Structures are given as C-alpha cells and as structure tokens.
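Notes for the one structure printed next.
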Amino acid sequence: MWSHIKDKGIKLPKITAEEIDKKVGPVLRAMEKEGILLNVSLLNDLAQKTEIRIAKLEKEIHKIAKSDFNIGSPVQMAEVLFTKLKLPTSELKKTKTGFSTAASELKKIEKEHKIIKPILEYRELSKLLSTYLLPLPKMVDKQSRLHTTYGQDTTTGRINSNNPNLQNIPIKGEWGEEIRKAFIAGPGNVLISADYSQIELRVVACLAGDTTMIEAFSNGIDIHTKTAAEIFNTELDKVTKNQRRIAKTVNFGVLYGMSPYGLSQALSISQEDAAKYINKYFETHTGIKKYCEDTALYAKKNGYVETLFGFKRYFTNLNSPFRNVAESERRMAINAPVQGTAAEILKLAMIELNNKLKTKNYQLSTTKMLLTIHDEIVLEVPKKEVNKIANLVKEIMEKTVLLCVPIEVSVSTGKSLGDLTDL
DNA sequence: AACTAGGCT
DNA sequence: GTATAAGCCTAGTTG
C-alpha cells in the first residue's frame, strides 16, 4: 500500500509487522517482570484525603438536591437534575436511556445551578479513588513493585496494558501530579521518560506527502502554531494561545475524521466556525485531504488498510446501508495506518534499545525499561548513567526509523513520574 | 452482561 | 432527517 512512499528517501528496517510483534514480545515480558516501584504510603495518604473530600461533597450535593440519591447512579442523577431540579436539557446529548449526565454535558449547564460543580468534583475524585488510589496499593509485590501485563492489540497494532493498566495513570490536574509522585525510582536510581513529539502527525505528514506539514516539521516549526496561522490567516508570531489551542484540536481531529459538529462540541464553538476551520485546513493541506480520500477508497476496494510495515486492519462494513456504520469504519480506515505505524516505530525502538542495552557498552548497567505508553518509554536508570542512557534512548527512538520528516523525542528525568523535568 | 462514565495516548 | 473523534482498560449501577 505504501510502496510509493518508500521510494521517497525514507529508511525502514527490513522487517515485517509480524516480526516486530514477535521480537517485542520478550521485551514486554521483561518489563512486566521488572515492575515499577510504588510509594504505597503516599497513595494511602492521598486515598484518605480523597475519601474525606468525597464525603464532604456527597453531603453538599445531597443537601442542595434535598435528596439522598446515589450520586454514582446515572439514572438517579438524571432524575434529580432534569426532573426534580428541572435543569435545561435542550443542549444535552441523549444516551440510550435518557439525557446524558457525562461531565462534557454537565459543563454546558454548569452556570444554571450550583449543584453541578460539586457533582463534577465528586465524579473526578471518586474515579481516582476507585480506579487508582484504592486498588493499586493492593497490587504491589513484596518489593512494593507494581507489575502490569502487556498485550499486543490485534486490531490496532498498539501495545495495551492491563491488571493494572499502567497506560492511563492520571496526569491532568493537581491530583494527577500527586498520584504520579507515587511512581518512583528505587534507591540510587531515577526515572527517565522519553516521549515522541507529535509522532502521529509526523507519520501522517509522511504517509500523505503533505508538503505544508513536511516543510513545517523539517524546519522545526511548531505544528499547531503553523496550523493556527493557516486557519486564522495570520502570521506565525501573531498566533494567540486560544488560536493555537483550536488548531491543536483541528490537527488531531483530522486524524480521526472529525466532523464540524464534533469540532464544535469539542471546542464549544459554533458549527459554522468549526466548518470554516476544517475547510481552511483542507485548503492548505491538500496532501492530507488526498490521503483521507485515497485511504478510504483503498479500504473500500481491498477490504483492508495497512501500516508502513504491513500490518493489516480489515473492514467489512464500509458499504453498510447504515450510514453511521459505514462512516465510522471510514474514520477507522483513515486512522489505522497512522496509529499503527506510530506503534511500529515505538516497538522497533524498544527492540533496538533492548538489544543495545545488552551490548558491551551497557551490559554492566542496571538500566531497565519499565513502561511503554503509546508514544513514550519510561526507564529506571542509575543516577550516574542518566546522561549516557538518555542520549542512547533519544538516538534510538529518533533514528531507528527514518521518515521523510525528522522524528523528535523529548527526554525528561526525575525521582518520580510526578516530578519529571526536561533534560 | 449491558450501560454509563471517565482515566490515558 | 440522522449522527457526528481513533484506540485502550476499569469501575459502579442495574437487572
């Protein structure tokens, strides 16, 4: 599917998707066995604080509602908000059972009633408590290390993680940082985190041969700022923060086949404005536009799409008479080569890194890969070796696969996942 | 087990 | 007129 791309000066290791998966398997098994050190008492303290806060919020919500309903029950929540308190529902999405009480919907009516704010905070905290703070301390081994199980997703090509999932450790908000501080390096060690910068956008720039994006990446220009300048008809140095934020959503949205409606929902803007931005985007990025059309057409014709290394994803409903079904598959077909190729680049880097760490230069090091989170690798490294290992990791991640745009990796380090600073 | 919600990339 | 952003895992409620 990509033979025309491979002529264009990119350099790929001679290996198939199947071989990548086979080789990354043992690397994942080693990472599982190693495990990441958890500061259990820190999490327990946080759990206690959170429980106290949740109890307060519960009382407050019940008092405002004048009803001791179960806040964890969406049905009872909808009953209280929309029947008892008669909050407006005109802007709200519906679920199969009634009006949605999801956070994204409640935010739309936050100003209508003082009950919404405590509900949102209650929801946030009870999620953190029940999914992270309470279960994780119970799952550590005798050395206080937490072991996940990695799997290889057979429809996307990504690596997944379960029991516990270490790919969705909270990071947003003040609580996110606190929780991350419990994921620590052992004595004498530090953690290194190495992140691909906008790997999926770089991949699609290359797969699509989008000249605008290729030029931006090649010149080290911030891609979201560049897109903002394009859709708002302005200069790079005149782009505002808000414009950049919108452009960032557009950039990612396009990868997922986002519609004007979806963009308007995500940004709380009008559908007209959303449509304007998307149109403008495709005017400038003709390569991306063509990629979307060509990929959807290829999928329809052949029943599958594939990644740069030949991982296939099959589709059976692209011609479904149910338009939403067909359109959903169309979006998957457009996204799959991008997400899948990015996953292959990461897996190849992990394999290469694992091999390098076994060679003479590094065989005495106790450096261990611990986590892999879609575009990121986390390692535990002896303090004295931080610079040496950081350079190695960066070099391998950036150079194992050479696309037609540079691949950039940012490296940070710290005693815990909650206090990583750029290197 | 279905449904809703919400954590992450 | 209808639905509308890719993917993963986990937890609580309900029947």
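Chain letters run A, B, ... following the sequence lines, proteins first and then strands; every chain starts at 1. Just so it is clear, the structure is predicted and the values come from calculations on it, not from any experiment.
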Residue set satisfying ring-ring contact (aromatic ring centres under 6.0 Å, His included) with A:Tyr196, at least two apart, ordered chain then number -> none
By ring-ring contact (aromatic ring centres under 6.0 Å, His included), A:Phe282 pairs with (sequence neighbours left out) none
Can you measure [X] atom [atom1] to [N] atom [atom2] for me and round it to whole angstrom units?
| X | N | atom1 | atom2 | answer |
| --- | --- | --- | --- | --- |
| A:Leu346 | C:dC8 | CG | P | 17 Å |
| A:Ile169 | C:dC9 | CD1 | P | 15 Å |
| A:Gln271 | C:dA3 | CD | C1' | 11 Å |
| A:Phe315 | C:dA6 | CZ | P | 11 Å |
| A:Glu327 | C:dT4 | CD | P | 9 Å |
| A:Ile269 | C:dA5 | CD1 | P | 13 Å |
| A:Tyr256 | C:dA6 | OH | C1' | 5 Å |

Side chain to side chain donor-acceptor pair (under 3.5 Å) filter on A:Ser320, not counting sequence neighbours, yields none
Residues passing the disulfide bond (SG atoms under 2.5 Å apart) test with A:Cys292, sequence neighbours excluded, are none
**Asked** To the side chain of A:Asn324, which of C:dA5, C:dA3, C:dG7 is closest?
**Response**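 When the side chain of A:Asn324 is considered, C:dA3 is the closest of C:dA5, C:dA3, C:dG7.
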- request: Would you check if the distance from the ring center of A:Tyr291 to the ring center of A:His285 is below 6.0 Å?
  value: no
SB check A:Lys23 A:Glu19 (cutoff 4.0 Å): no
Look at the aromatic rings of A:Tyr304 and A:Tyr298 and report parallel, tilted or perpendicular, splitting at 30° and 60°.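 The rings of A:Tyr304 and A:Tyr298 stand perpendicular, inter-plane angle above 60°.
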Compare all side-chain heavy atoms of A:Leu403 with those of A:Leu308 and state whether any distance is below 4.5 angstrom.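 Yes; the side chains approach each other to less than 4.5 Å.
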Compare all side-chain heavy atoms of A:Gln76 with those of A:Ile71 and state whether any distance is below 4.5 angstrom. no
Need one value for [X]: base, sugar-phosphate or nothing, where a base atom within 4.0 Å counts as base even if backbone is also close, heavy atoms only.
| X | value |
| --- | --- |
| A:Arg323 | base |
| A:Ile334 | nothing |
| A:Leu255 | nothing |
| A:Leu263 | nothing |
| A:Arg330 | nothing |

Rounded [atom1] spacing from [N] to [M] in Å:
| N | M | atom1 | answer |
| --- | --- | --- | --- |
| B:dC8 | C:dA5 | C1' | 16 Å |
| B:dC3 | C:dA3 | P | 16 Å |
| C:dT2 | B:dA5 | C1' | 24 Å |

So the side chain to side chain donor-acceptor pair (under 3.5 Å) pairs with at least one residue in residues 41-53 of chain A (sequence neighbours excluded) are A:Asn39-A:Ser41, A:Arg53-A:Glu121
The contact string for nucleotides 10-15 of chain C, one letter per nucleotide 5' to 3', using protein heavy atoms under 4.0 Å with B, S and - for base, sugar-phosphate only and none, comes out as BSSSS-
Q) Is the distance from OP1 or OP2 of C:dC8 to the nearest side-chain N or O of A:Arg158 less than 4.0 Å? A)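 Checking A:Arg158 against C:dC8: no side-chain N or O falls below 4.0 Å of OP1 or OP2.
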Would you say A:Thr249 places a side-chain N or O within less than 4.0 Å of OP1 or OP2 belonging to C:dA5? no
Next item on the list: Check whether more than 12 heavy atoms from other residues, nucleotides or ligands sit under 6.0 Å from atom NZ of A:Lys22, and answer yes or no.
Entry: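 Check fails, neighbour count at 12 or below.
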Practice problem: Any ring pair (Phe, Tyr, Trp, His ring centres under 6.0 Å) involving residues 110-131 of chain A? Give me the pairs, sequence neighbours left out, ordered by first then second residue. | Solution: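 Qualifying pairs: none.
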Residue pairs meeting ring pair (Phe, Tyr, Trp, His ring centres under 6.0 Å), one or both in residues 26-64 of chain A, sequence neighbours left out, come to A:His62-A:Phe69
Nt span of DNA chain B in reach of chain A heavy atoms at under 4.0 Å, 5' end first, is B:dC3 to B:dT9
Those residues at least two apart in sequence (or on a different chain) that pass salt bridge (Lys or Arg N to Asp or Glu O under 4.0 Å) with A:Asp375 are none
For A:Arg123 and A:Thr101, run side chain to side chain contact (heavy atoms under 4.5 Å, CB included): C-alpha distance rounded to whole Å, both residues' side-chain angles, the deciding distance at 0.1 Å, then the answer.
CA-CA 11 Å; A:Arg123 285 256 185 85; A:Thr101 70; 2.9 Å; yes
query = Does any residue of residues 24-57 of chain A have a heavy atom under 4.0 Å from DNA chain C, and if so, which ones, in number order?
reply =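 None - not one residue of the stretch has a heavy atom sitting under 4.0 Å from the strand.
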>> I need the residues from residues 92-109 of chain A with at least one non-hydrogen atom less than 4.0 Å from DNA chain B; give them sorted by number, or say none.
In response: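 Hits under 4.0 Å, by residue number: A:Thr95, A:Lys96, A:Thr97, A:Ser100, A:Thr101, A:Ala102, A:Ala103.
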